[in-house]
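Report on the structure given below.
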Amino acid sequence: MSTTSEMVSANNQGYSYQAMLVASQKVNWRIEDIIGGDKRLDFSKPFMPESLARVGLLDFLSADEKRTLNQIRGNAYLCIFGLIEEFILPFVLDHARQQLQGDDYRVRALLNFAGEEAKHIQLFKRFREEFENGFTTNCAVIGPPEAIAQAVLAHDPLAVALVILHIEWMTQQHYLGSVKNDQELDPQFKSLLKHHWMEEAQHARLDVLMVEALAEGRSQQGVEKAVEEYIEIGGFLDSGLKAQMQFDLEAFERATNRTLNVSEREQFIAVQTQANRWTYLGSGMTHPSFKATLQSLSPEAGKRVEQIAPMFC
Ligand SMILES: [Fe+2]
Ligand SMILES: [Fe+2]
C-alpha cells in the first residue's frame with residue numbers, strides 16, 4: 001500500500017515530499033564549511049557571472065572599474081537574497097503549520113525547507129560581513145527586510161507561492177546557466193552560489209507541491225487573480241531593484257572616485273536596470289519549469305506571463 005507522501009498527482013511532475021527530504025539530507029552542508037578561516041573573498045576577482053552583472057556593456061569603464069561594479073552587484077545579490085529569504089521562511093512555516101497531520105514526510109520536508117532557508121539567511125549575512133571587511137567603501141542596500149516581507153506576505157498565498165517558485169527556479173538558472181562553467185569568478189563566491197543551488201534544487205520541487213496544494217479547488221478565475229497578484233509583487237520587487245541600482249551607482253562613484261558624466265550615467269542606468277531585471281525577474285519568469293507549472297494551473301495565465309517576460313530579459 002502506498003503512503004500519502006508517495007502518491008503524486010498528474011501535474012506535479014512526479015515530485016514527492018519523501019524523495020525531496022532524502023535528497024536534502026544527502027546534500028546538507030554547514031556554513032563553516034563554506035566561509036570563514038582561510039576561506040576568504042578574493043577582491044582581485046569578479047563575484048558575479050557577466051550574464052547577470054552585465055558590466056562588460058559599459059565600455060567607458062576600465063577593467064578595474066568593471067570589476068569594482070561587479071563586486072558591488074555581488075554585495076547587492078547577498079542583500080537581495082537575504083531579504084527574499086526573510087519572507088520565504090515565515091511563508092513555508094505557516095504553510096507547514098496548517099497541515100501537521102496526515103503525512104509525516106510532508107511535515108518533515110517542509111520544516112527542513114524552512115530550516116535550510118534560515119541557514120541561507122545566515123550564510124548571506126556571513127558573506128556580507130566578509131564583503132564589508134574587504135571592500136573599503138560602504139554600499140547601501142534596500143530594506144528593511146521585515147518591511148519588504150510584510151508587503152509581499154500581504155498578498156494571496158497562491159501569488160506568494162508563485163513568487164517563491166519563481167525565485168527557487170531562478171537560483172537554479174543562475175548557477176547552471178552562468179556560474180557553473182565560469183572559471184574567472186572568485187572561488188568563495190562561486191562556492192556560495194553552488195551550495196545555495198544544491199539545496200534550492202529541492203526547494204523548487206517542494207514549491208511545486210505547495211503551489212498545487214494552494215491551487216487545489218480554486219476556480220479558473222481564482223487562479224488568474226493570484227497570477228495577477230504575482231505580477232503585482234513582481235512590480236513591487238522591480239521598484240526595489242531600481243532603488244538598489246541607484247545605490248549601486250552611488251557606491252560605484254564613491255569606490256572609484258569617479259563622477260560619471262550625463263551620457264555615461266544614462267548608459268549605466270539603462271544597462272544596470274535591465275541587468276537587475278534579468279537577474280531577479282526575467283531569469284525566473286522564463287525558466288521552463290516555472291512556465292510548466294504556470295501553464296498547468298492556467299494556459300491563460302501562462303500566456304499572460306509570457307507576454308510581459310521580455311520586458312525583464
Ligand atoms: Fe535559499
Ligand atoms: Fe529556497
Side-chain angles (χ1 to χ4, degrees), residues 12-13 15 17 19-35 47-48 52 74-96 106 108-128 141 143 145-146 148-149 152-153 157 159-177 179-180 188-214 230 233-234 237 279-281 283-285 287 289-290 293:
N12 67 19
Q13 302 167 47
Y15 305 145
Y17 291 106
M20 289 310 109
L21 182 65
V22 171
S24 153
Q25 285 164 337
K26 275 189 200 148
V27 301
N28 193 267
W29 43 258
R30 301 180 324 150
I31 293 176
E32 301 71 35
D33 297 332
I34 302 174
I35 192 79
F47 295 165
M48 295 286 281
L52 304 179
N75 179 58
Y77 191 90
L78 299 173
C79 142
I80 289 168
F81 260 93
L83 56 86
I84 283 169
E85 306 221 327
E86 296 247 6
F87 70 74
I88 299 181
L89 174 57
F91 185 85
V92 175
L93 281 175
D94 286 350
H95 185 74
R106 181 178 61 208
R108 290 179 63 202
L110 290 173
L111 291 179
N112 189 59
F113 177 176
E116 286 177 350
E117 294 298 27
K119 181 174 72 175
H120 298 173
I121 291 171
Q122 199 177 3
L123 175 76
F124 285 114
K125 280 186 193 157
R126 272 295 286 117
F127 266 79
R128 280 187 65 195
V141 289
E146 311 81 62
I148 294 173
V152 172
L153 293 172
V160 180
L162 285 169
V163 171
I164 297 173
L165 181 71
H166 160 136
I167 291 166
E168 313 283 15
W169 285 121
M170 173 180 107
T171 313
Q172 299 300 290
Q173 202 284 336
H174 289 178
Y175 183 68
L176 293 175
V179 181
K180 194 176 172 207
Q188 243 32 68
F189 212 91
K190 190 168 173 171
S191 161
L192 162 98
L193 297 166
K194 180 181 174 186
H195 286 88
H196 194 220
W197 160 76
M198 283 162 67
E199 293 190 339
E200 295 293 317
Q202 282 68 252
H203 298 183
R205 290 160 178 86
L206 287 170
D207 280 331
V208 173
L209 299 174
M210 274 204 313
V211 163
E212 291 202 339
L214 290 163
Y230 155 79
I233 299 171
L237 297 176
T279 305
Y280 304 103
L281 297 169
S283 62
M285 286 166 116
H287 193 287
S289 300
F290 178 74
T293 296

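Here the structure is a predicted model, which is why all the values come from computation and not from measurement. First listed ligand is number 1; within each ligand, the first listed atom is number 1.
- For a distance bound of 2.8 Å, the N, O or S atoms of Glu85 include one lying that close to the Fe ion (ligand 1).
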- Apply side-chain hydrogen bond (donor to acceptor under 3.5 Å, both in side chains) to the pair His196 and Thr171, showing each step before the final yes or no. CA-CA 8 Å; His196 194 220; Thr171 313; 4.6 Å; no
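- At least one cation-pi condition fails for Lys194 and Trp29: the charged atom is not both under 6.0 angstrom from the six-membered ring centre and inside a 45 degree cone around its axis.
- The N, O or S atom of His203 lying closest to the Fe ion (ligand 2) is ND1.
- Of the listed residues (Tyr15, Phe113, Phe91), just one forms a ring-ring contact (aromatic ring centres under 6.0 Å, His included) with His203, and that residue is Phe113.
- No hydrogens or angles considered: nothing links the side chains of Ser24 and Glu199 as a donor-acceptor pair under 3.5 Å.
- Nearest to the Fe ion (ligand 1), among the N, O or S atoms that Glu117 has, is OE1.
- No other N/O/S atom of His120 lies as close to the Fe ion (ligand 1) as ND1 does.
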